[in-house]
Peer 1: 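I am attaching a structure below and will ask some questions about it afterwards.
Order of appearance sets the numbers: ligands from 1, and atoms from 1 within every ligand.
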Amino acid sequence: MNKIYEDYYRMDKLPTIWCPGCGNGIVLNGFIEAFKNSGLDRKNTVIVSGIGCSSRSALYLDFDTIHTTHGRAIAFATGIKQSRPELNVVVLTGDGDCSAIGGNHLIHAARRNIDLTVICYNNSTYGMTNGQYSPTTPTGSITATSMYGFMESPFDLCKLVEAAGATYVARTTTYLAKMIPILVKNALLKKGFSFVDVIAQCPTYFGRRNKMSAPADMMKWIRDNSVNKKQAESMSEQELAGKFVVGEFVNREKPELTAEYTKLIERLKEKAGADLAKV
Ligand code: SF4
């Protein structure tokens, strides 16, 4: 294994439980490369994950990590950041974990603009529990709970967190693996709520049911259905249906929650000191 990865993995926890050809390893290696390039201190960084195949990532990383309950990774991360604002807090999560049971935590963390970096391994399914549909499953897909084709419309998680108030929002795919460290590094260094959506493959459950059981077939499907942000601007809503728009969508400045909270505490301390002086 490449030395850069060896330094960041708990080698005694390998091999991973992930199926051959799963996209999770590509996302996790992308995160490691981004973290190394960011210059951030591992000793001041906490990795938080929820439940699901991708959330096993926290177990494999040689950081301070916390593997929490289903859907609550962002809630735990919020508590860590509020109590220790000086820490870098990163959430590694899946589409089911962060946008179904954890959907409200996602929306409100973006609205509050708390300084978290959330990386979503978005494989459109609940891989760990045999492939039920998730909020990002493409319409028409066959899953364990939509044997005749998924009838609903999927969430566009980037649009969702942008509308909720996130300061950094971007999407890439495991096919465009070289973009992962670039976008994740930007997200890590951004002060505020940052979200990177990485479209990934689950060949075992999603792929197998949708005539793409070979990992390479899933990668081709991701490649053929990806359009960059520039191309997407000239496409109609109908043309964009079922496509993964990739690129950086939001990079803006806004007051960050824990910094504002710290300022409030300082103001109240000063006021209390002034009031005491009057007594
Ligand atoms: Fe990856 Fe799917 Fe296997 Fe889970 S079930 S490890 S998401 S390929």
Peer 1: Ignoring hydrogens and geometry, is there a side-chain-to-backbone donor-acceptor pair from Ser57 to Leu28 under 3.5 Å?
Peer 2: no

Peer 1: For residues 129-158, which residue pairs pass the ring pair (Phe, Tyr, Trp, His ring centres under 6.0 Å) check, not counting sequence neighbours?
Peer 2: Tyr133-Phe150

Peer 1: Can we say Glu256 and Lys254 salt-bridge, meaning some charged N sits less than 4.0 Å from an Asp/Glu carboxylate O?
Peer 2: no

Peer 1: By number and element, which atoms of ligand 1 are closer than 4.0 Å to a non-hydrogen atom of Pro203?
Peer 2: 8 (S)

Peer 1: Examine Tyr60 together with Trp18 and report whether their ring centres are nearer than 6.0 Å.
Peer 2: yes

Peer 1: Under 2.8 Å from atom 4 (Fe) of ligand 1, which protein N, O or S atoms are there? Could you list them by chain and number?
Peer 2: Cys53 SG

Peer 1: Taking the six-membered ring of Tyr8 as reference, does the NZ or CZ atom of Arg42 fall below 6.0 Å from its centre and within a 45° cone about the axis?
Peer 2: yes

Peer 1: Does this structure show an ion pair linking Glu253 with Lys190, if we count only N-O contacts that are shorter than 4.0 Å?
Peer 2: yes

